[in-house]
Amino acid sequence: MTTFHERVFSGVQPTGNLHLGNYLGAITKFVALQNTHECLYCVVDLHAITVAQDPAVLKSNIREVTAAFIAAGIDPKAHIVFNQSQVAEHAELAWIFNCVARMGWLNRMTQFKEKAGKDRENASVGLYAYPTLMAADILIYRATHVPVGEDQKQHLELARDIAQKFNNDFAQSIANCGFGEAFFPQPEPLIQGPATRVMSLRDGSKKMSKSDPSDYSRLNLSDDADAIAQKIRKAKTDPEALPSELEGLASRPEADNLVGIYAALADKTKEDVLREFGGAQFSGFKAALVDLAVVKLGPIGAEMKRIQTDHAYIDAVLKDGADRARIIAAENMRAVKDILGFVR
Ligand code: TYM
């Protein structure tokens, strides 16, 4: 068995309205992993253009996600923070993976079906091939661990399938080039904790998302204390008091969601939260959740807004990160070319 150096990679799309789901499902995990791993965190702008983008808005969103990373506690000196389009090897490896992945695999991707909707004929080829670029993002660094929310699980499975097929198809050449039994690791998804799938505040059956037309469906990282309080107070609930046991949340998606959010913000388990609030009415629980959310999210939102205005600083962070990422990516790309038999 080839053993791989442990490395973390993850990405966030610069498509506006960074929300609590992105924060609890992904960004808080990014922050924690810095203590134990070498990490690369990427603003995936090439992914954003799989659907139409306004260039001026895209640029501002790239800076906003970068500012959110830093405001949340990611250290761009100790680790690597960059935007995808500055490291051309992502797109280069994605092409090679387009020739490794099978149509049948991509046809099963639920995210494409959801995003393309009924008008599939009119979706971009990029939207369809999105998962092969995502596999390339991870594997160009031969990353071993990928913190993501639950919705990215299927894409991670595809990345593992691509890595394995590449390793199998080119086994002989990989060995001949001196890489032993496998060139790519099987990247492991890290999907843990009480908020891996944060749901809409208006509808417990729908995921909290950047594109929901109702701003009341999500807590944006840029929301101030008043907005946070209003949205939580208006969040959909049911008439029952909170249960004391986890089983009592089973058919109550809105209650389950708010308990999960509270648990993640307080760094507790859902069981802990129910032990504390079991039997309480929503009015009391929501008031406690407002206080907690304002304390935890308020300062991050304010810091994000402050950093975001300093374009020179953010652009320098991204350039420096890209320069360091490119060194790793270029070395791995040279190896891939050798394995494939390209002349270089
Ligand atoms: P994106 O930009 O949609 O979301 C960024 C991260 O936030 C997580 N997330 C959620 N977690 C919990 N509850 C939610 N409601 C919620 N909504 C979003 C996502 O799971 C993700 O971790 N394809 C990716 C970006 C990407 C990527 C990568 C990720 C591109 N290349 C390589 C990992 C590795 C995406 O669209 O994330």
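Being a predicted model, the structure only gives us computed values, none of them experimental. We count ligands from 1, going down the list as the structure has it; atoms in each ligand are counted the same way.
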Short N or O distance, Glu150 and ligand 1, threshold 3.5 Å exclusive:
no
Which residue from Lys29, Lys206, His47, Met208 reaches closest to atom 30 (C) of ligand 1 through any of its heavy atoms?
His47
Counting heavy atoms only, which of Thr15, Val65, Asp137, Leu156 is nearest atom 31 (N) of ligand 1?
Asp137
Aromatic plane relationship, Phe166 with Phe170 - under 30° parallel, 30 to 60° tilted, over 60° perpendicular
tilted
Which of the atoms of ligand 1 are close to Thr196, meaning less than 4.0 Å from one of its heavy atoms?
11 (N), 12 (C), 13 (N)
With a cut-off of under 6.0 Å to the ring centre and 45° to the axis, is Lys234 in cation-pi contact with Tyr216?
yes
Please state which protein non-hydrogen atom is closest to atom 20 (O) of ligand 1 and give its distance, to 0.1 Å?
Asp151 OD1, 2.4 Å
Could you check whether Arg142 makes a cation-pi contact with Phe4, meaning its NZ or CZ is under 6.0 Å from the centre of the six-membered ring and within 45° of the ring axis?
no
The reported gap from CD1 in Ile228 to CG in Leu20 (rounded to nearest 0.5 angstrom) is 9.0 Å
Counting heavy atoms only, which part of Val146 comes closer than 4.0 Å to ligand 1: side chain, backbone, both or neither?
side chain
So is Ile138 polar-close to ligand 1, meaning N/O to N/O under 3.5 Å?
no
Using a 3.5 Å distance criterion without hydrogens, assess whether the side chain of Asp310 forms a donor-acceptor pair with backbone atoms of Tyr313.
yes
Has ligand 1 got any nitrogen or oxygen that is less than 3.5 angstrom from a nitrogen or oxygen of Phe9?
no
protein heavy-atom neighbour closest to atom 37 (O) of ligand 1 works out as Gln152 NE2, 4.0 Å
the protein heavy atom lying closest to atom 25 (C) of ligand 1 turns out to be Gly11 O, 3.6 Å
Phe285 ring center within less than 6.0 Å of Tyr262 ring center
yes
One should read off an interatomic distance between Met208 CE and Leu219 CG, to the nearest 0.5 angstrom, of 5.5 Å
With respect to atom 10 (C) of ligand 1, which of Gly25, Ser10, Gly21, Pro14 exhibits the smallest heavy-atom separation?
Gly21
Between His90 and Tyr141 (judged by ring centroids, cut-off 6.0 Å), do the two rings come close enough to count as a pair?
yes
Does only the side chain of Val44 get under 4.0 Å from ligand 1, or the backbone, or both, or neither? Count heavy atoms.
side chain
How far is atom 28 (C) of ligand 1 from the closest protein heavy atom, and which atom is that?
Met134 CG, 3.4 Å
Taking atom 18 (C) of ligand 1 as the point of reference, which of Asn22, Val198, Leu133 owns the nearest heavy atom?
Asn22
Any Lys210 heavy atom less than 4.0 Å to ligand 1:
yes
If you measure from each non-hydrogen atom of Gln13 to ligand 1, which part falls under 4.0 Å: side chain, backbone, both or neither?
both
Closest protein heavy atom to atom 23 (N) of ligand 1, given as residue, atom name and distance to 0.1 Å
Tyr130 OH, 2.7 Å
Report, in ascending order of atom number, the atoms of ligand 1 lying under 4.0 Å from any heavy atom of Lys207.
15 (N)
Quick check: does any side chain N or O of Glu89 sit under 3.5 Å from a backbone N or O of Ala329, one acting as donor and the other as acceptor?
no
Sidechain N-carboxylate O distance under 4.0 Å for Asp151, Arg197
no
Say whether His19 and ligand 1 are in contact under the criterion: heavy-atom distance to a ligand atom below 4.0 Å.
yes
Which atoms of ligand 1 are found less than 4.0 Å from any heavy atom of Ala26?
6 (C), 7 (O), 22 (O)
Distance filter under 4.0 Å to Arg197 heavy atoms, resulting ligand 1 atoms
12 (C), 13 (N)
If you measure from the Lys or Arg side-chain nitrogens to the Asp or Glu carboxylate oxygens, is any gap between Asp215 and Lys231 under 4.0 Å?
yes
I'd like to know whether CD of Glu331 has more than 12 heavy-atom contacts from other residues, nucleotides or ligands below 6.0 angstrom.
no
Less than 4.0 Å between a side-chain N and a carboxylate O, is that true for Lys270 and Asp256?
yes
